Trainee: 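My questions will all concern the structure given below.
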Amino acid sequence: MKVVVDARVCVSAVLSGRGSPARNLDHALSEDPYDFDLLAPSQLFPKLEEVLARPKIQKRLGWSEAEISIYTRRLKLFIREIEVGDTGKIPKYTKDSEDDPYVHTAVLTRASYLISGDSDILDMQNPPVRVLDASQFISLWEAGLL
């Protein structure tokens, strides 16, 4: 099963290591067999580094730039990067054009789900793919409903 994750899920996973976003990533990052492949547009990784380097977040984490880079590189090993092309040519799915590559990745790869923490994605009218927040996804996964 293919599952697309957005930057908010990855940032939330770092900020709260016990929450649902962390559980989603931990499952994919574990060495155990897993039931889903995580995918993301190539825009995820630079965005993630930019957000984690923001002074407020960097202070909260206590991470250096090197530690942020290591985290991002580690995620690149387990999240398959999908090239979606020119962002100016991506269809408009949400109110925020920065969110459209995540939805477009899900459409291009025929992903089963898009896990998001972003209200512009979660509140889409008639999304072209099933959109869940991290806790909804974990609940379905743990119940064996995926």
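Keep in mind the model is a prediction, meaning the values are calculated, not measured.
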Trainee: In chain order, what residues pass the side-chain contact (heavy atoms from CB on, under 4.5 Å) check against Thr109, with sequence neighbours excluded?
Mentor: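 Scan of Thr109 (side-chain contact (heavy atoms from CB on, under 4.5 Å), adjacent residues dropped) gives Lys2, Val4, Leu39, Ile82, Thr105, Ala111.
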
Trainee: Please list, chain by chain and in numerical order, all residues satisfying salt bridge (charged side-chain N to carboxylate O under 4.0 Å, His left out) with Glu98, sequence neighbours excluded.
Mentor: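 Per chain and number, Glu98 pairs via salt bridge (charged side-chain N to carboxylate O under 4.0 Å, His left out) with Lys47.
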
Trainee: Do Ser69 side-chain atoms and Glu65 backbone N/O form a donor-acceptor pair below 3.5 Å?
Mentor: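 Answer holds: no.
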
Trainee: State which residues pass side chain to side chain donor-acceptor pair (under 3.5 Å) with Trp141; sequence neighbours excluded, sorted by chain then number.
Mentor: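 So Trp141 forms a side chain to side chain donor-acceptor pair (under 3.5 Å) with Asp35.
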
Trainee: Can you pull the salt bridge (charged side-chain N to carboxylate O under 4.0 Å, His left out) pairs that have at least one residue in residues 76-86, sequence neighbours excluded?
Mentor: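 Passing the test, one end in residues 76-86: no pairs.
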
Trainee: A side-chain contact here means heavy atoms from C-beta on lying under 4.5 Å apart; do Tyr71 and Leu48 qualify?
Mentor: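 Answer yes - side chains close enough.
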
Trainee: What are the two closest non-hydrogen atoms of Cys10 and Val5, and how far apart are they?
Mentor: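 Closest pair (atom of Cys10, atom of Val5, distance): SG-CG2, 4.3 Å.
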
Trainee: Could I get the full list of side-chain contact (heavy atoms from CB on, under 4.5 Å) partners for Lys56, not counting sequence neighbours?
Mentor: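 So Lys56 forms no side-chain contact (heavy atoms from CB on, under 4.5 Å) with any residue.
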
Trainee: Going by heavy atoms in the side chains, are Gln58 and Ile68 under 4.5 Å from each other?
Mentor: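 They are in contact (side-chain heavy atoms under 4.5 Å apart), so the answer is yes.
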
Trainee: Any sub-3.5 Å donor-acceptor pair from Asp100's side-chain atoms to Tyr93's backbone N or O?
Mentor: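 Answer holds: yes.
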
Trainee: Please list, chain by chain and in numerical order, all residues satisfying side-chain contact (heavy atoms from CB on, under 4.5 Å) with Ser112, sequence neighbours excluded.
Mentor: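 Expected list: Met1.
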
Trainee: Restricting to side-chain contact (heavy atoms from CB on, under 4.5 Å), what partner residues turn up for Leu145, sequence neighbours left out?
Mentor: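 Once residues adjacent in sequence are excluded, the partners of Leu145 under the side-chain contact (heavy atoms from CB on, under 4.5 Å) criterion are Leu140, Ala143.
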
Trainee: Ignoring hydrogens, what is the shortest heavy-atom contact between Val84 and Pro41? Give both atom names and the distance.
Mentor: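 Looks like CG1-CB, 4.2 Å.
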
Trainee: Quick one: CG on Leu108 to CD1 on Ile90, what's the gap to the nearest 0.5 Å?
Mentor: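 It comes to 8.0 Å.
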
Trainee: For residues Trp63 and Ile70, determine if any side-chain heavy atom of one lies less than 4.5 Å from a side-chain heavy atom of the other.
Mentor: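 Heavy-atom side-chain distance check fails, nothing below 4.5 Å.
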
Trainee: Going from CD1 on Ile138 to CD1 on Ile115, what distance comes out if it is rounded to the nearest 0.5 angstrom?
Mentor: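 So the CD1 of Ile138 and the CD1 of Ile115 are separated by 7.5 Å.
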
Trainee: At their closest point, which heavy atom of Ser97 faces which heavy atom of Pro101, and how far apart are they?
Mentor: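 What the structure gives for the nearest pair is O-CD, 3.3 Å.
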
Trainee: What verdict does the side-chain contact (heavy atoms from CB on, under 4.5 Å) test give for Leu25 and Phe78, after you've listed the backbone C-alpha separation in whole Å, the side-chain angles of each residue and the deciding distance to 0.1 Å?
Mentor: CA-CA 9 Å; Leu25 293 184; Phe78 294 93; over 6 Å; no

Trainee: For Ser119, check side chain to side chain donor-acceptor pair (under 3.5 Å) against everything at least two apart and list the hits.
Mentor: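 Counting only residues at least two positions away or on another chain, Ser119 forms no side chain to side chain donor-acceptor pair (under 3.5 Å).
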
Trainee: Is any side-chain heavy atom of Leu38 closer than 4.5 Å to a side-chain heavy atom of Leu75?
Mentor: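 Sidechains of Leu75 and Leu38: no contact.
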
Trainee: To the nearest 0.5 Å, how far apart are NZ in Lys59 and CD1 in Ile57?
Mentor: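 Result: 13.5 Å between the selected atoms.
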
Trainee: Quick one: which residue pairs count as a side chain to side chain donor-acceptor pair (under 3.5 Å) with a foot in residues 8-21, not counting sequence neighbours?
Mentor: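 Pairs touching residues 8-21 that pass the test: Arg8-Asp118.
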
Trainee: Which residues satisfy the salt bridge (charged side-chain N to carboxylate O under 4.0 Å, His left out) test with Arg60, sequence neighbours excluded?
Mentor: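 Residues passing salt bridge (charged side-chain N to carboxylate O under 4.0 Å, His left out) with Arg60: none at all.
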
Trainee: Rounded to the nearest 0.5 Å, what's the gap from CG on Asp99 to OG1 on Thr94? Could you check?
Mentor: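 Asp99 CG to Thr94 OG1: 4.5 Å, rounded to 0.5 Å.
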
Trainee: Quick check: do Leu61 and Leu15 have side-chain heavy atoms less than 4.5 Å from each other?
Mentor: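 They are in side-chain contact.
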
Trainee: Could you pull out all residues at least two apart from Ser64 that satisfy side chain to side chain donor-acceptor pair (under 3.5 Å)?
Mentor: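 For Ser64, the residues satisfying side chain to side chain donor-acceptor pair (under 3.5 Å) (neighbours in sequence not counted) are Glu67.
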
Trainee: Going by atom type alone, with no hydrogens or angles, which donor-acceptor pairs under 3.5 Å involve a side-chain atom of residues 125-137 and a protein atom two or more places apart or on another chain?
Mentor:
unit_1: Asp133; atom_1: OD1; unit_2: Ser135; atom_2: N; d: 3.1
unit_1: Asp133; atom_1: OD1; unit_2: Ser135; atom_2: OG; d: 2.8
unit_1: Asp133; atom_1: OD1; unit_2: Gln136; atom_2: N; d: 2.8
unit_1: Gln136; atom_1: OE1; unit_2: Asp133; atom_2: N; d: 2.8

